[in-house]
Amino acid sequence: MQIFENHFLKDLNTFGVAVYAREYTRLQSENEVRQLLDHPAFNKGRHLIMGGGSNILFTEDYDGLVVHMDMQGKEVVRETEEKVFLKVQAGENWDDLVDYCVARGWGGLENLSLIPGQAGSSPIQNIGAYGVELKEHFHSLEAIHKKNKTPVTFSKEACGFGYRNSFFKNRGRNEYIILSVTFVLDKQPIIRKHYGSLAAELADHGIVQPGIADVREAVCRIRRRKLPDPVVLGNAGSFFKNPVVPYATYNRLRTEYPDLVAYPEESGFKLAAGWLIDRAGWKGYRNGDAGVHEHQALVLVNYGDASGKDLLKLASAIQQDVQAKYGVELQTEVNII
Ligand code: FAD
Ligand code: EPU
């Protein structure tokens, strides 16, 4: 395990924010994780565990140790007539994993195609897209407790998954390093094509009975059209979560805005934050190099040299405006560092 000083992070966060880490290391095995936990650099100050850097906004240089997860490997740990249990090391690229499963005919992750980042980060916010959430195909994960250094296996129930939420964003925040995740996949895939834009995309291509490869391709096409590629334009996907509001708030807004986009939930309605921000006039807005994407108002973008503070200032202005116009609070999805 090697520690580098004054490490440039611009290429390691998808926002492309130009910041330095005081110290930086890359871990490739569980053995190196254990070395890290005993290392003075880890124990003397702050540290940040980092995957693909696609859900992080750095607002300043990181005055501590950035730990980059780079453990690779996939293994079928159990198989039944119907299911495959695939254990995946934390540093595996998420979309490569989806591709790997689809190529073998193992269903479950195809709606989550093309989400950036790593397998090890996927349970943290229970990634979701096009009508599917990670929790539906999550079996368990292995983690190590940072302070007492004990390995722990988390079942699905212990992870407390919710919309863009889990135990690891709440009571377990910053307590564990996730080492691997085991997914449970279907040998006879169940096709989920109910999400509006996915159903429309399949229909547009005349696909009536799609297989998982068709779903993957359709999702990739929609995403390439709508979401900016971080390699070309810095971003971290949706900057805010879609807010869940009580029925009374929904009814009030619906009366005022009959075309409001909302989805019924157990405790009220989930509003499309992109619609709220778009309707408030922010889509395509740009101030210096910080902006709101021209095709998706929920995505903030860095046109080149925006700092984390520029992007955060823009996010705050949007939050205040949405609060003033609709009486709705937007919470950030992106982790602000
Ligand atoms: P990072 O950004 O590196 O880290 C995220 C958090 O997890 C940080 O708090 C970090 O400390 C922690 N962490 C990372 N790895 C570990 C580990 N091994 N152990 C402990 N803690 C860890 N998300 C969706 O849910 N749905 C989408 O459709 C979606 N689309 C996106 C599209 C684009 C273009 C972009 C840029 C992002 C999108 N995202 C989406 C957000 C993002 O890709 C996901 O949240 C992804 O899971 C983040 O993975 P990462 O490896 O980049 O995590
Ligand atoms: N909309 C607008 N204007 C916009 C953006 C959206 O009117 O600028 C409307 C759309 O027309 C649509 C609705 O809002 O009717 C929802 O839009 P979309 O299908 O693009 O989904 P989203 O709610 O904006 C969520 C996730 C995405 C995920 C997509 C697809 C959150 C915070 N975001 O976006 O996840 O890919 O659904 O399932 O839940 C991410 O988390 O980073 C992310 C990209």
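The model shown is predicted, which means the values in this text are computed figures rather than measured ones. Just follow the structure's listing: the first ligand is 1, and inside any ligand the first atom is 1.
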J.: Considering distance alone, does some N or O of Gly117 sit under 3.5 Å from an N or O of ligand 1?
T.: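 No; the residue has no nitrogen or oxygen that sits under 3.5 Å from a nitrogen or oxygen of the ligand.
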J.: Would you mind running through ligand 2 and noting each atom that sits below 4.0 Å from a heavy atom of Arg223?
T.: 36 (O)
J.: Would you mind listing which atoms of ligand 2 come within a distance below 4.0 Å of any non-hydrogen atom of Lys283?
T.: 3 (N), 4 (C), 8 (O)
J.: For atom CZ of Phe85, decide whether the heavy atoms of other residues, nucleotides or ligands shown that lie under 6.0 angstrom number more than 12.
T.: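 Result for CZ/Phe85: enclosed.
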J.: Where the closest heavy atom to atom 18 (P) of ligand 2 is concerned, which of Tyr263, Tyr195, Trp282 has it?
T.: Tyr195
J.: Can you report which non-hydrogen protein atom sits closest to atom 46 (C) of ligand 1, along with the distance?
T.: Pro116 O, 3.6 Å
J.: Let me confirm one number: the NE2-OG1 distance from His47 to Thr25, rounded to the nearest 0.5 Å.
T.: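 It comes to 12.5 Å.
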J.: At less than 4.0 angstrom from any non-hydrogen atom of Gly237, what atoms of ligand 2 do you find?
T.: 42 (O)
J.: Below 4.0 Å from any atom of ligand 1, is there a heavy atom belonging to Phe168?
T.: no
J.: Which of the atoms in ligand 1, numbered in the order shown and given with their element, are less than 4.0 Å from a heavy-atom of Met69?
T.: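 Numbered from 1, ligand 1 contributes 18 (N).
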J.: Nearest non-hydrogen atom to atom 40 (C) of ligand 1 belongs to which of Val181, Val299, Ile115?
T.: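 Going through Val181, Val299, Ile115 one by one, Ile115 has the nearest heavy atom to atom 40 (C) of ligand 1.
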J.: Counting each atom of ligand 2 from 1 as listed, which ones have a heavy atom of Ala129 under 4.0 Å away?
T.: 36 (O), 38 (O)
J.: If only atom types and distance count, is the side chain of Tyr163 paired as donor or acceptor with the main-chain N or O of Asn242 below 3.5 Å?
T.: yes
J.: Starting from atom 4 (O) of ligand 1, what is the nearest protein heavy atom, named by residue and atom, and what distance separates them?
T.: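 The answer is Ile56 CD1, 3.9 Å.
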J.: With heavy atoms only and a cut-off of under 4.0 Å, state how Ile127 meets ligand 1: side chain, backbone, both or neither.
T.: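 The answer is both.
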J.: Can you name the atoms of ligand 1, numbered from 1 with element, that are less than 4.0 Å from a heavy atom of Gly128?
T.: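 Per the distance check, 24 (C), 25 (O), 26 (N), 27 (C), 28 (O).
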J.: Any atoms of ligand 1 less than 4.0 Å from a non-hydrogen atom of Ala129? List them with their elements.
T.: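 Counting atoms of ligand 1 from 1, those under 4.0 Å from Ala129 are 28 (O).
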J.: Do any nitrogen or oxygen atoms of Gly52 come within less than 3.5 Å of a nitrogen or oxygen of ligand 1?
T.: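 Among all N and O atoms of Gly52, at least one is under 3.5 Å from an N or O of ligand 1.
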J.: Suppose we measure from atom 18 (N) of ligand 1 to each protein heavy atom; which comes out shortest, and what is that distance?
T.: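 Here the closest protein heavy atom is Ile178 O, 3.1 Å.
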J.: Distance to 0.1 Å, residue and atom name: give those for the protein heavy atom nearest to atom 5 (C) of ligand 1.
T.: Asn335 ND2, 3.8 Å
J.: Working to the nearest 0.5 Å, report the span between CD1 of Ile212 and CH2 of Trp106.
T.: 10.5 Å
J.: Nearest protein heavy atom to atom 48 (C) of ligand 1, by residue and atom, and its distance?
T.: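 Checked against all protein heavy atoms, atom 48 (C) of ligand 1 sits closest to Ser54 OG, 3.3 Å.
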J.: Taking atom CG as the centre, does Asp11 end up with more than 12 heavy-atom neighbours from other residues, nucleotides or ligands that are less than 6.0 angstrom away?
T.: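 12 or below, so no.
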J.: Under a 3.5 Å distance rule, please check whether Tyr130 uses its side chain to pair with a backbone N or O of Val219 as donor and acceptor.
T.: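 Judged by distance alone, no pair lies under 3.5 Å.
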J.: Would you confirm whether Lys270, through its side chain, and Glu265, through its main-chain N or O, come within 3.5 Å as a donor-acceptor pair?
T.: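 No, Lys270 side chain to Glu265 backbone: no donor-acceptor pair under 3.5 Å.
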J.: Please compare Trp275, Tyr163, Phe240, Phe239 and report which has the shortest non-hydrogen distance to atom 31 (C) of ligand 2.
T.: Tyr163
J.: Just let me know how Asn174 lines up against ligand 1, side chain, backbone, both or neither, with a heavy-atom cut-off below 4.0 Å.
T.: neither
J.: Looking at Arg46, I want to see if its CZ is surrounded by more than 12 non-hydrogen atoms of other residues, nucleotides or ligands under 6.0 Å.
T.: yes
J.: Spell out, as yes or no, whether a donor-acceptor pair under 3.5 Å connects the side chain of Asn302 to the backbone of Ser307.
T.: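 The answer is no, because no donor-acceptor pair under 3.5 Å joins these two groups.
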J.: Which atoms from ligand 2 have a heavy atom of Lys226 less than 4.0 Å away?
T.: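 Those atoms are 18 (P), 19 (O), 20 (O).
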J.: Could you walk me through whether Glu32 and Arg26 pass the salt bridge (Lys or Arg N to Asp or Glu O under 4.0 Å) test, one step at a time?
T.: CA-CA 9 Å; Glu32 287 192 337; Arg26 184 178 279 266; over 6 Å; no
J.: For Ile177, take its heavy atoms, then give the atoms of ligand 1 lying under 4.0 Å from any of them.
T.: 19 (N)
J.: Group every Ile, Leu, Val, Met, Phe, Trp and Tyr by side-chain heavy-atom contacts under 4.5 Å, then state whether Ile277 and Leu271 land in the same group.
T.: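 Same cluster.
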J.: Looking only at protein heavy atoms, which one is nearest to atom 15 (O) of ligand 2, and what is the separation?
T.: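 I find the closest protein heavy atom is Val261 CG1, 3.6 Å.
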J.: Any donor-acceptor pair under 3.5 Å linking the side chain of Glu75 with the backbone of Val77?
T.: no
J.: How far is atom 3 (N) of ligand 2 from its nearest protein heavy atom, and which residue and atom name does that atom have?
T.: Asp278 OD2, 2.8 Å
J.: What protein heavy atom sits nearest atom 38 (O) of ligand 2, and how far off is it?
T.: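 It is Tyr130 N, 2.7 Å.
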J.: Count the heavy atoms belonging to other residues, nucleotides or ligands that lie under 6.0 Å from NZ of Lys241, then report whether that count exceeds 12.
T.: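 Check passes, neighbour count above 12.
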J.: Among all protein heavy atoms in this structure, tell me which lies nearest to atom 8 (O) of ligand 2, with the distance rounded to 0.1 Å.
T.: Ala297 N, 2.8 Å
J.: I need the nearest protein heavy-atom contact for atom 25 (C) of ligand 2: residue, atom name and distance, please.
T.: Asn242 ND2, 4.1 Å
J.: Which residue owns the protein heavy atom closest to atom 35 (C) of ligand 1, what's the atom, and how far is it?
T.: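 That would be Gly237 N, 3.2 Å.
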J.: Taking Asn93 for the side chain and Asp95 for the main chain, is one N or O donor matched with an acceptor at less than 3.5 Å?
T.: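 Checking the backbone N and O of Asp95 against the side chain of Asn93, a donor-acceptor pair under 3.5 Å is found.
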J.: If we set the cut-off at 4.0 Å for heavy atoms, which region of Trp94 has an atom near ligand 1: side chain, backbone, both, or neither?
T.: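 Within the 4.0 Å criterion, Trp94 makes no contact with ligand 1.
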J.: Considering only heavy atoms, which of Pro116, Ala272, Pro243, Ser238 lies nearest to atom 33 (N) of ligand 2?
T.: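 Comparing heavy atoms across Pro116, Ala272, Pro243, Ser238, the nearest one to atom 33 (N) of ligand 2 lies in Ser238.
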J.: Closest non-hydrogen protein atom to atom 29 (C) of ligand 1, residue and atom name please, with distance?
T.: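 In this structure, atom 29 (C) of ligand 1 has Arg223 NH2, 3.6 Å as its nearest protein heavy atom.
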J.: Taking Asp321 as the fixed residue, which of Gln319, Lys325, Gln323 is the one that meets the side chain to side chain donor-acceptor pair (under 3.5 Å) rule?
T.: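 Of all the options given, the one that passes is Lys325.
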J.: Relative to the heavy atoms of Pro228, which atoms of ligand 1 are at a distance of less than 4.0 Å?
T.: 34 (C)
J.: Looking only at the aromatic ring of each residue, does the gap between the centers of Phe183 and Trp94 stay below 6.0 angstrom?
T.: yes
J.: Cationic tip of Arg279 within the cone over Tyr257's six-membered ring, i.e. under 6.0 Å and within 45° of the normal?
T.: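 The answer is no; the distance or angle limit is not met.
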J.: Number the atoms of ligand 1 from 1 as they appear, then name those within less than 4.0 Å of a heavy atom of Gln118, with their elements.
T.: 49 (O), 50 (P), 51 (O)
J.: May I ask you to check whether Asn31 and Ser29 show a side-chain donor-acceptor distance below 3.5 Å?
T.: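 The answer is no; no qualifying pair exists.
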J.: Is the cationic atom of Arg104 (NZ for Lys, CZ for Arg) positioned less than 6.0 Å from the six-membered ring centroid of Tyr100 and within 45 degrees of its normal?
T.: yes
J.: Please report which non-hydrogen protein atom sits nearest to atom 22 (C) of ligand 1, along with the residue it belongs to and the distance in Å to one decimal place.
T.: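 Looking at atom 22 (C) of ligand 1, the protein heavy atom closest to it is Ile124 CD1, 3.4 Å.
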J.: Out of Arg164, Gln125, Glu333, Gln296, indicate the one that has the non-hydrogen atom closest to atom 27 (C) of ligand 2.
T.: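 Heavy atom nearest to atom 27 (C) of ligand 2 belongs to Arg164.
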J.: Say whether Ile49, considering both its backbone and side-chain N or O atoms, lies within less than 3.5 Å of an N or O atom on ligand 1.
T.: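 By distance alone, the answer is yes.
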J.: At less than 4.0 angstrom from any non-hydrogen atom of Ser121, what atoms of ligand 1 do you find?
T.: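 Checking each atom against Ser121, I get 14 (C), 15 (N), 49 (O), 50 (P), 51 (O), 53 (O).
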J.: Can you tell which part of Asn55 has a heavy atom less than 4.0 Å from ligand 1: side chain, backbone, both or neither?
T.: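 The part of Asn55 near ligand 1 is both the backbone and the side chain.
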J.: Can you sort out which atoms of ligand 1 are near Gln125, meaning under 4.0 Å from one of its heavy atoms?
T.: 23 (N), 24 (C), 25 (O), 41 (C), 44 (C), 45 (O)
J.: Answer yes or no: does an N/O atom from Gly53 fall short of 3.5 Å to an N/O atom of ligand 1?
T.: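 Indeed, backbone or side chain, Gly53 has an N or O that close.
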